Amino acid sequence: MTLRKALCLVLATTGLMTGTAHAQDRPDPAICERLQAERGLPMAEPVSLEIPASFSDRAVQTGRWLATLNANGGTDCTFLGWVITAEPLEALSDRFIGFAWTGYVTYGYTLIDTGAGRMTIDTGSRPVFSPRGDRLAFVEVSDVRIAFKGFAVYQIGDGSFTPLHVDTFLPYHADWRVDEWANEDCILLSAVPRSRINNDYSRLPDAERDRYVAGRQNGWRLSPGTQCPDYP
């Protein structure tokens with residue numbers, strides 16, 4: 001699968017819609033409410049998303065929408081209609097906020113870029129930032145239908161948020177994880193082959209994990225191993 005096609009799969013799961021108005025110092029929920037009426041989106045019982053008090057000037061829920069303030073002083077709208085339960089909204093950095101959610105036989109993690117990138121994607125699981133915060137990575141593979149399955153690395157620029165690598169064809173293992181960024185150019189990951197636990201997920205905590213490496217030198221493609229290559 002090409003990067004362009006894989007990226008389309010990621011973006012197809014998002015609920016970001018943007019209302020452009022004069023610059024404000026807090027989000028305008030009326031913009032999101034108008035989008036609901038204009039687009040005739042499905043009416044589901046709204047989830048109650050917990051928004052910390054420290055976020056009150058950056059995010060507000062209005063019915064089935066999360067309205068967030070972007071760096072340009074406008075309001076971005078994330079649709080929550082498919083969400084049944086959600087963990088509290090959290091700040092991952094000064095720029096990125098997100099929340100884990102579950103739906104009907106599905107789940108994911110919604111990542112919102114409130115900076116100049118102004119993008120919302122579903123990462124499947126909570127993303128992990130590189131040591132300098134210039135990149136982030138996420139991985140998720142599941143038996144159930146989820147918003148994103150695969151492994152991805154994104155570059156964070158001053159005015160951009162772009163994919164460096166998206167792979168939606170990983171080995172069908174359980175409990176994929178981004179264990180850590182060894183450095184800015186190398187990621188260590190791990191997972192458990194399903195044959196090793198015989199589909200008994202209670203055995204996961206004690207199961208031996210297979211180790212993988214992904215780095216800039218090989219285009220961020222996964223390969224078995226535990227050592228980062230040397231970079232010029």
Side-chain angles (χ1 to χ4, degrees), residues 3-4 6-35 49-62 65-80 83 86-101 108-140 147-148 150-166 178 180-181 183-185 187 216 220:
L3 177 61
R4 181 179 179 86
L7 177 59
C8 288
L9 290 178
V10 180
L11 296 181
T13 67
T14 70
L16 179 69
M17 299 177 185
T18 302
T20 54
H22 61 279
Q24 301 177 15
D25 59 2
R26 60 184 59 245
D28 181 1
I31 292 174
C32 304
E33 293 163 4
R34 286 198 298 271
L35 285 173
L49 181 63
E50 182 180 337
I51 301 175
S54 58
F55 282 26
S56 61
D57 60 344
R58 299 174 61 188
V60 61
Q61 182 178 355
T62 173
W65 296 89
L66 176 65
T68 54
L69 185 70
N70 60 50
N72 298 322
T75 296
D76 294 331
C77 303
T78 300
F79 186 58
L80 305 174
V83 177
E87 295 184 8
L89 190 68
E90 59 179 344
L92 303 179
S93 69
D94 290 341
R95 175 170 161 179
F96 290 91
I97 59 177
F99 61 94
W101 60 271
Y109 189 98
T110 295
L111 178 69
I112 302 171
D113 177 7
T114 65
R118 296 177 63 183
M119 181 187 294
T120 292
I121 61 173
D122 203 285
T123 59
S125 60
R126 194 176 191 270
V128 180
F129 287 77
S130 65
R132 289 201 307 261
D134 293 338
R135 295 169 179 151
L136 61 79
F138 48 92
V139 63
E140 187 67 27
F148 174 78
F151 166 62
V153 183
Y154 273 67
Q155 182 75 40
I156 303 167
D158 289 340
S160 62
F161 179 48
T162 54
L164 297 173
H165 177 72
V166 178
V178 174
E180 63 175 327
W181 286 78
N183 54 57
E184 199 70 21
D185 295 320
I187 307 168
R216 175 179 58 81
W220 303 100

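A quick note: this is a predicted structure, and the numbers were derived from the prediction, not measured.
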Thr162 and Gln155 side chains, donor-acceptor separation under 3.5 Å: no

Could you pull out the closest heavy-atom pair between [X] and [Y], with the gap in Å?
{"X": "Val153", "Y": "Trp181", "answer": "CG1-CH2, 4.1 Å"}
{"X": "Thr75", "Y": "Asp28", "answer": "OG1-N, 2.7 Å"}
{"X": "Cys32", "Y": "Leu66", "answer": "SG-O, 4.5 Å"}
{"X": "Ala137", "Y": "Phe151", "answer": "CB-CE1, 4.3 Å"}
{"X": "Ile97", "Y": "Phe55", "answer": "CG2-CE2, 3.9 Å"}
{"X": "Leu69", "Y": "Thr114", "answer": "O-CB, 3.6 Å"}

Tested for side chain to side chain donor-acceptor pair (under 3.5 Å) against Ser130, the lone hit among Glu184, Glu180, Arg135 is Glu184

Side chains of [X] and [Y]: closer than 4.5 Å at any heavy-atom pair?
{"X": "Trp101", "Y": "Asp122", "answer": "yes"}
{"X": "Phe99", "Y": "Leu80", "answer": "yes"}
{"X": "Thr120", "Y": "Thr110", "answer": "yes"}
{"X": "Thr68", "Y": "Arg58", "answer": "no"}
{"X": "Ile187", "Y": "Trp220", "answer": "yes"}
{"X": "Glu140", "Y": "Tyr109", "answer": "no"}
{"X": "Ile156", "Y": "Phe96", "answer": "yes"}
{"X": "Arg216", "Y": "Leu164", "answer": "no"}

List the steps and the verdict of side chain to side chain contact (heavy atoms under 4.5 Å, CB included) for Ile121 and Phe161. CA-CA 11 Å; Ile121 61 173; Phe161 179 48; 4.1 Å; yes

So Leu92 and Leu111, side chain to side chain contact (heavy atoms under 4.5 Å, CB included) or not? Walk me through it. CA-CA 9 Å; Leu92 303 179; Leu111 178 69; 3.5 Å; yes

Step-by-step side chain to side chain contact (heavy atoms under 4.5 Å, CB included) determination, Phe79 to Trp65: CA-CA 5 Å; Phe79 186 58; Trp65 296 89; 3.7 Å; yes

Approximate separation, where rounding is to 0.5 Å, of Ile112 CD1 and Leu89 CG: 6.5 Å

